[in-house]
Protein chains: 2
Amino acid sequence: MHKNELMEQRESKDYLSQLTLDCVILGFNEGELKVLLLRWKETQEWSLPGGPILQSESIDAAAYRILKERTGLNDIFLKQFHTFGEQPRYNLAEIQEKLKHLIDPEIWYKRAVTIGYYALVDYAKVSPQPDELTVECKWWDIKEIPQLLFDHNHIIQLALQALQIEINLQPIGYNLLPEKFTMPELQRLYETILDRKLDPRNFYKKIISLGILTRLKERRKGVSHKAPYLYKFDKAAYEAKLKEGGLSFL
Amino acid sequence: MHKNELMEQRESKDYLSQLTLDCVILGFNEGELKVLLLRWKETQEWSLPGGPILQSESIDAAAYRILKERTGLNDIFLKQFHTFGEQPRYNLAEIQEKLKHLIDPEIWYKRAVTIGYYALVDYAKVSPQPDELTVECKWWDIKEIPQLLFDHNHIIQLALQALQIEINLQPIGYNLLPEKFTMPELQRLYETILDRKLDPRNFYKKIISLGILTRLKERRKGVSHKAPYLYKFDKAAYEAKLKEGGLSFL
DNA sequence: CCAAAAGTGTTAAAGCTACACCCATGT
DNA sequence: ACATGGGTGTAGCTTTAACACTTTTGG
């Protein structure tokens, strides 16, 4: 997409004007939470994946579309968490300056409201794809995120808060871990999201007592210590529990 | 405001287009939760208060503005809970037909996204005010809400769900009750929001243990049974607790 | 005096926290 | 053999749930 095309898009009647959507796409790898970020062409500036909403699609559909475009994945855990409508939301002049080689400063909306979604994905299954205005799409460790464009640091912060609440209501690991995983891996995921240490014995008891995990006979190999058991989620048991309403975690 | 003025408003550059805001204004009276609804001129059709957002104001400011216009109150507990962007959200043709004597069917957006807020107010302090397109603004018992225009029944339903979660994190009663209230009144408020009966002894112990209430020497008079004590919130203690992070309810 | 709702304490069960040692694996 | 992290049980404490009778007031 070139300048003219983008201009057409912004002014097009095919899209909602002044309303966009941003996705905080979260994965888990090497014991850390990761976010998928995009680097804009000919810059060192990063931002969240996002974009405008088609007149013909629901906002959830727009989020799924963006997710599919950046990750290649369908059928993802996706949740709207907040709509950002401060006035101003960020320093527009700064954005116009930083991206003027890509986007005519004239065509930025003076104001845009954005709907924030977060997605939980299996890190290993994602093939990050930049879009028309960016050259690089890659995972960043949640603790090492640089200064981002727009108000995207703030958006990520609220997404993580929303996730801390959600972890008490959903077996988040189901979406963030590969099919088979070890108990310490699951524990580290919870520790990262909740940002505190958990006791391994208590964690084990609590997770097992939910009755939604199956321990496999396999163990993880190739580690220089005792080989941990592998587990997987028992989807049927999980959905049965959910219906009873009886799912609440840590 | 007449047809032409409304037309100008819809098409005006002073407002965001295709993005509106709706407020679920909740009060508590006679042991029941109430919502403030508006009846449209020359109809029996009811809807939530809401409207478009000025280019110059944040979405929170727009919500406060609408609230102020309908209730006369400033400084209200207000919380964004969800943004509604289904496509379609409701049957537009039906709305056009029902309101054609007020609004030219041509000027409805083919599509609008709305941001949902709920507000918690002291029932007794509100003086309900209709707006330019409505003749009546009044409280409805939450259990007796009629079929509303747009997707407003759905919006109310989600607001109540959000409130059920929020009640665990905030001393909701502070906003919904008058300055002085009795323990049974507070209990009935919790029972109504959570939609289940609570044990009065356990409720009393739990609330008192939070240490944010002061029992007054006064009692409520004029009831044909034992006179209950009055309590009020100890705002200082409440804010101290909140800072410690140690506030979690029922 | 009757009807209505307020006020109050104890006990049992469940859930949570804290805590330490031996085991299996790769180098 | 050593370093690394895995796997596991118990006891005390806190929190929650269940439960019933007496009191006060107005009519």
Side-chain angles (χ1 to χ4, degrees), chain A residues 28-32 167-169 173 177 180-192 194-232 241 244-250, chain B residues 28-32 167-169 173 177 180-192 194-232 241 244-250:
Chain A
F28 188 65
N29 190 236
E30 294 174 348
E32 297 294 344
I167 205 178
N168 292 302
L169 309 170
L177 293 174
K180 300 173 182 182
F181 53 88
T182 68
M183 196 57 74
E185 281 162 8
L186 185 61
Q187 185 181 336
R188 240 162 273 131
L189 173 59
Y190 276 71
E191 287 178 339
T192 310
L194 296 171
D195 199 24
R196 63 189 169 93
K197 283 259 168 280
L198 301 171
D199 178 274
R201 284 166 288 197
N202 294 339
F203 181 79
Y204 178 86
K205 274 179 287 184
K206 189 136 178 188
I207 291 289
I208 290 298
S209 75
L210 297 171
I212 59 171
L213 291 188
T214 314
R215 185 163 100 173
L216 306 176
K217 288 187 177 148
E218 281 176 90
R219 291 158 176 260
R220 168 125 317 153
K221 287 173 196 162
V223 285
S224 77
H225 53 74
K226 187 169 176 177
Y229 286 103
L230 289 167
Y231 292 79
K232 61 179 186 183
K241 285 267 171 180
E244 291 172 26
L247 268 191
S248 136
F249 296 72
L250 308 189
Chain B
F28 187 66
N29 190 240
E30 294 175 350
E32 297 293 343
I167 204 177
N168 292 302
L169 309 169
L177 293 175
K180 300 174 182 181
F181 53 89
T182 68
M183 195 58 74
E185 280 162 9
L186 185 60
Q187 183 182 338
R188 240 162 271 132
L189 172 58
Y190 276 71
E191 288 179 338
T192 310
L194 296 170
D195 199 22
R196 62 190 170 93
K197 284 258 168 284
L198 301 171
D199 178 275
R201 283 165 290 195
N202 294 339
F203 181 80
Y204 179 86
K205 275 178 285 184
K206 189 136 181 190
I207 290 289
I208 290 298
S209 75
L210 296 171
I212 59 171
L213 291 189
T214 314
R215 184 164 101 173
L216 306 176
K217 285 181 181 154
E218 279 176 272
R219 291 159 174 259
R220 168 122 323 150
K221 287 172 197 163
V223 285
S224 76
H225 52 75
K226 188 168 174 177
Y229 285 103
L230 288 167
Y231 292 80
K232 60 179 185 184
K241 285 266 170 178
E244 291 171 25
L247 268 191
S248 138
F249 297 71
L250 307 189

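The basis for the numbers below is simple: all heavy atoms, side chains too, and nothing from hydrogens, waters or symmetry mates. The model shown is predicted, which means the values in this text are computed figures rather than measured ones.
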Exercise for review: Round to the nearest Å and state the distance from B/K197 atom NZ to D/dT16 atom P.
Suggested key: 21 Å

Check your understanding: OP1 or OP2 of C/dT8 sitting under 4.0 Å from any side-chain N/O of B/Y204?
Key -> yes

Review point. Of the nucleotides C/dT8, C/dA18, D/dA17, which has the atom closest to the A/K205 side chain?
Key: C/dA18

Exercise for review: Measure the shortest side-chain to side-chain distance between B/L213 and B/L186 over non-hydrogen atoms and say whether it is less than 4.5 angstrom.
Suggested key: yes

Review point. Of the nucleotides C/dA6, D/dT10, D/dT16, which has the atom closest to the B/P184 side chain?
Key: C/dA6

Practice item. Flag the pair B/Y229 / B/M183 as yes when at least one side-chain heavy-atom distance between them is below 4.5 Å, and no otherwise. Key: no

Practice item. Provide, to the nearest angstrom, the distance between the CG atom belonging to B/L194 and the C1' atom belonging to D/dT16. Key: 15 Å

Review point. Please give, in whole Å, the distance from D/dT10 P to A/D199 CG?
Key: 15 Å

Point to revise | Results of salt bridge (Lys or Arg N to Asp or Glu O under 4.0 Å) for A/R220 - residues two or more places apart only | key: A/E185

Study note, to complete from the structure: A/Q187 atom CD is separated from D/dT8 atom P, nearest whole Å, by 13 Å

Exercise for review: Report yes if a side-chain nitrogen or oxygen of A/K206 is closer than 4.0 Å to either non-bridging phosphate oxygen (OP1 or OP2) of C/dC16; otherwise report no.
Suggested key: yes

Revision key, fill the gap. So CD1 of B/I167 and OH of B/Y190: to nearest 0.5 Å the spacing works out to 5.0 Å

Review point. Do any side-chain nitrogens or oxygens of A/R220 fall under 4.0 Å of OP1 or OP2 in D/dG7?
Key: no

Study note, to complete from the structure: B/S/- along nucleotides 22-27 of chain C (protein heavy atoms under 4.0 Å) is -BBBS-

Point to revise | Spacing of B/L230 atom CG relative to C/dA6 atom P, expressed in whole Å | key: 12 Å

Point to revise | Heavy-atom closest contact (B/P228 atom, B/V223 atom, distance) | key: CD-CG2, 4.0 Å

Exercise for review: Mind listing the closest non-hydrogen atom pair of B/Q187 and B/D199 along with its distance?
Suggested key: NE2-C, 4.1 Å

Practice item. Round to a whole Å and report the spacing from CZ of B/R196 to C1' of D/dT16. Key: 11 Å

Practice item. Quickly work out the A/I207 CD1 to C/dG15 P distance and round it to whole Å. Key: 15 Å

Study note, to complete from the structure: The nucleotide from C/dA6, C/dA18, C/dG9 with an atom nearest the side chain of B/R201 is C/dG9

Check your understanding: Side-chain contact, heavy-atom cut-off 4.5 Å: B/L216 with B/K180?
Key -> yes

Review point. Taking for each residue the nucleotide of DNA chain C bearing the nearest heavy atom, is the 5' side occupied by A/N202 or by B/N202?
Key: B/N202

Review point. What is the distance from CZ of B/F203 to P of D/dA17, rounded to the nearest Å?
Key: 13 Å

